[in-house]
K.L.:
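Please read through the structure below; I'll follow up with questions.
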Amino acid sequence: MGCVYMLEQRLVIEGGRRLEGEIAVQGAKNSVLPLLAATVLCKGKAVLYNCPRLTDADAAFRILDCLGCRCIREKSVISVNAEQMSNNQVPDSLMQDMRSSIVFLGAILGRCGRCRWSTPGGCDLGPRPIDYHLDALKKMGVAVENDSGFMSCTAPKGIQGAKISLPFPSVGATENIILAGVTAKGKTEIHNAAREPEVVDLSDFLNKCGAKIAGAGGSTIVIDGVDGLSGAEHTVIPDRIVTATYMSCAAITRGELLLTKTKHDDLSAVLPIFELMGCSVYTYDKDRIYINARKAMNSPGKIITHVHPGFPTDSQPLIMALTTVLPGTTIFEENIFECRFKHAPELVRLGAKINVRERIAVVEGVERLSGANVKATDLRGGAALVTAGLACDGITRISEISHIDRGYEAIEEVLRSVGARIRRS
Ligand code: UD1
């Protein structure tokens with residue numbers, strides 16, 4: 001019997017082409033996943049517009065399917081009817097496919113009062129504990145039992161509203177508490193809540209469905225439990241990290257791009273960094289950003305990641321790729337995840353000068369990068385390699401691009417449409 005070799009696809013980039021043109025930004029991955037989870041709570045049809053085509057969104061879609069929800073995707077519109085939901089167990093394989101499937105926990109508990117699922121492991125960014133999620137749910141009357149690698153959660157007396165102070169404003173924990181709290185008995189208060197735009201988007205959708213959530217976007221969120229939710233129609237917010245990615249691609253190729261269907265209000269910590277580096281950035285209407293990087297650029301100095309509204313950790317790898325070719329020294333301080341510099345050694349293969357020590361990375365700008373074989377180590381780290389590859393002399397081949405497909409819809413087609421030479425092979 002012959003052997004069958006499955007060759008994983010790679011992204012192949014011929015660097016040195018200036019990007020020019022217009023890109024319509026996709027819907028936010030980090031919004032669409034909790035929104036899809038939230039549809040489980042609706043006893044009626046929910047319709048989500050602007051859903052990006054991503055492998056992570058496909059995994060969430062499959063989870064809904066396994067739970068017995070009727071889901072239909074037509075282009076960027078996903079309709080979910082959870083009326084006949086029959087199952088409260090997330091299959092192990094799907095849990096492993098997507099770590100953020102943990103956000104289904106609060107929604108399934110809110111709907112069924114019980115949920116069984118396999119414990120998510122660490123991930124590309126280091127250990128990803130879920131203690132804040134579980135401690136909060138326990139306060140809400142949920143009993144958590146660990147039985148041979150599976151977690152069984154039950155709320156025998158129903159989920160109860162509670163006062164919860166998060167030790168850190170975790171995005172996922174805030175979303176899970178909101179999902180469990182909307183149909184809980186009584187009032188739930190979240191103190192030190194995450195303020196990210198995706199938390200606001202989730203609350204907006206749930207309120208359209210009849211939930212009573214106040215304060216999303218601030219540090220205190222108050223939820224008055226309601227008996228049940230109807231369905232609603234909702235448009236997923238634009239992806240702020242994808243916006244930052246294409247801005248970095250424009251800047252590193254000294255090009256100019258108009259980004260449409262974005263939301264500049266959500267990028268208040270990122271846009272000034274591009275200006276500090278010497279790019280001209282103009283914001284129009286509510287949803288357009290024009291960036292021009294024709295003038296001389298320089299290091300922005302120090303970049304410190306924080307929770308929203310601070311500089312987002314997800315944009316750090318992209319700005320790092322850009323600073324590798326800017327005159328001067330740039331210091332990155334990573335405060336959210338432990339292992340968030342895995343892209344640095346890959347950028348070094350392309351000729352970058354980067355020194356990493358624990359949570360600090362120091363980049364000394366070089367004049368040129370040169371193409372090489374590199375591998376995507378995680379989602380945004382992979383996008384950073386694409387950014388760098390666009391500026392390299394010669395050919396860059398990026399392997400393990402399944403990381404990139406988790407969060408970018410047809411990245412090579414988007415970049416080709418504005419002049420890049422990039423293909424999948
Ligand atoms: C979300 C985003 C991710 C982004 C991150 C921070 C999604 C699908 N992913 O991830 O892209 O980088 O927010 O903006 O929305 N922590 C604990 N215990 C917990 C939960 C979190 O110690 O129970 C720690 C984490 O290890 C991390 C920090 O808190 O160090 C922040 O994590 P969190 O905000 O929860 O990130 P995610 O929701 O996983």
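One is the number of the first residue; the rest follow in order along the sequence. Order of appearance sets the numbers: ligands from 1, and atoms from 1 within every ligand.
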K.L.:
Do any N or O atoms from the side chain of Asp224 and from the backbone of Lys212 form a donor-acceptor pair under 3.5 angstrom?
P.N.:
no
K.L.:
Out of Thr313, Asn176, Asp378, whose heavy atom is nearest to atom 6 (C) of ligand 1?
P.N.:
Thr313
K.L.:
So, for Lys208 and Ala232, which heavy atoms are closest and what is the spacing to 0.1 Å?
P.N.:
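Heavy atoms of Lys208 and Ala232 come nearest at CB-CB, 3.8 Å.
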K.L.:
What heavy-atom pair brings Arg240 and Leu267 nearest, and what distance separates the two atoms?
P.N.:
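Minimum heavy-atom contact is O-CD2, 3.4 Å.
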K.L.:
Show which atoms of ligand 1 fall inside a sub-4.0 Å distance from at least one heavy-atom site of Gly172.
P.N.:
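Going through ligand 1 atom by atom, the ones under 4.0 Å from Gly172 are 35 (O), 38 (O).
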K.L.:
With a cutoff of 4.0 Å, is His133 in contact with ligand 1, counting heavy atoms of the residue only?
P.N.:
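Contact check His133 vs ligand 1: positive.
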K.L.:
Check Glu334 against ligand 1 and report side chain, backbone, both or neither, counting heavy atoms closer than 4.0 Å.
P.N.:
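Near ligand 1, Glu334 shows nothing, with every heavy atom at 4.0 Å or more.
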K.L.:
Is Asn30 in polar range of ligand 1, meaning some N or O pair under 3.5 Å apart?
P.N.:
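Checking ligand 1 against Asn30, an N or O pair does fall under 3.5 Å apart.
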K.L.:
Check the side chains of Asp201 and His234 for a donor-acceptor pair under 3.5 angstrom, ignoring hydrogens and angles.
P.N.:
yes
K.L.:
Determine, using heavy atoms of Ala194 and all atoms of ligand 1, whether some pair is separated by less than 4.0 Å.
P.N.:
no
K.L.:
Does the Arg406 side chain pair with the main chain of Thr55, one donor and one acceptor, at a distance under 3.5 Å?
P.N.:
no
K.L.:
Considering only heavy atoms, which of Asn335, Val171, Asp314 lies nearest to atom 4 (C) of ligand 1?
P.N.:
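Closest candidate by heavy-atom distance is Asp314.
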K.L.:
Between Asp131, Leu166, Leu33, flag the one that comes closest to atom 18 (N) of ligand 1 by a heavy atom.
P.N.:
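Nearest heavy atom to atom 18 (N) of ligand 1 lies in Asp131.
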K.L.:
Could you list the donor-acceptor pairs under 3.5 angstrom formed between side-chain atoms of residues 155-162 and any protein atom two or more places apart in sequence or on another chain?
P.N.:
residue : atom : partner : partner atom : Å
Gln160  : NE2  : Lys157  : O            : 2.9
Gln160  : NE2  : Gly158  : O            : 3.2

K.L.:
Are any of the N/O atoms on Ile336, whether in the backbone or the side chain, positioned under 3.5 angstrom from an N/O atom of ligand 1?
P.N.:
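Yes.
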K.L.:
Indicate yes or no: does an N/O atom of Ala173 lie under 3.5 Å from an N/O atom of ligand 1?
P.N.:
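By distance alone, the answer is no.
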K.L.:
In ligand 1, which numbered atoms sit nearer than 4.0 Å to a non-hydrogen atom of Ser100?
P.N.:
8 (C)
K.L.:
Identify, by atom number and element, the atoms of ligand 1 in contact range of Arg340, meaning under 4.0 Å from any of its heavy atoms.
P.N.:
12 (O)
K.L.:
Looking at Lys302 and Glu333, is there a salt bridge between them, counting it only when a charged N and a carboxylate O are closer than 4.0 Å?
P.N.:
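Yes, this pair counts.
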K.L.:
Listing request: all side chain to side chain donor-acceptor pair (under 3.5 Å) pairs with a residue in residues 163-185, at least two apart in sequence or in separate chains.
P.N.:
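Residue pairs with at least one partner in residues 163-185: His133-Asn176.
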K.L.:
Any idea which part of Ser170 is under 4.0 Å from ligand 1, heavy-atom wise: side chain, backbone, both or neither?
P.N.:
both
K.L.:
How far apart are the closest heavy atoms of Arg380 and Pro317, and which atoms are they?
P.N.:
O-CB, 3.7 Å
K.L.:
Which bit of Tyr132 is near ligand 1, meaning a heavy atom under 4.0 Å away: side chain, backbone, both or neither?
P.N.:
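Answer for Tyr132: both.
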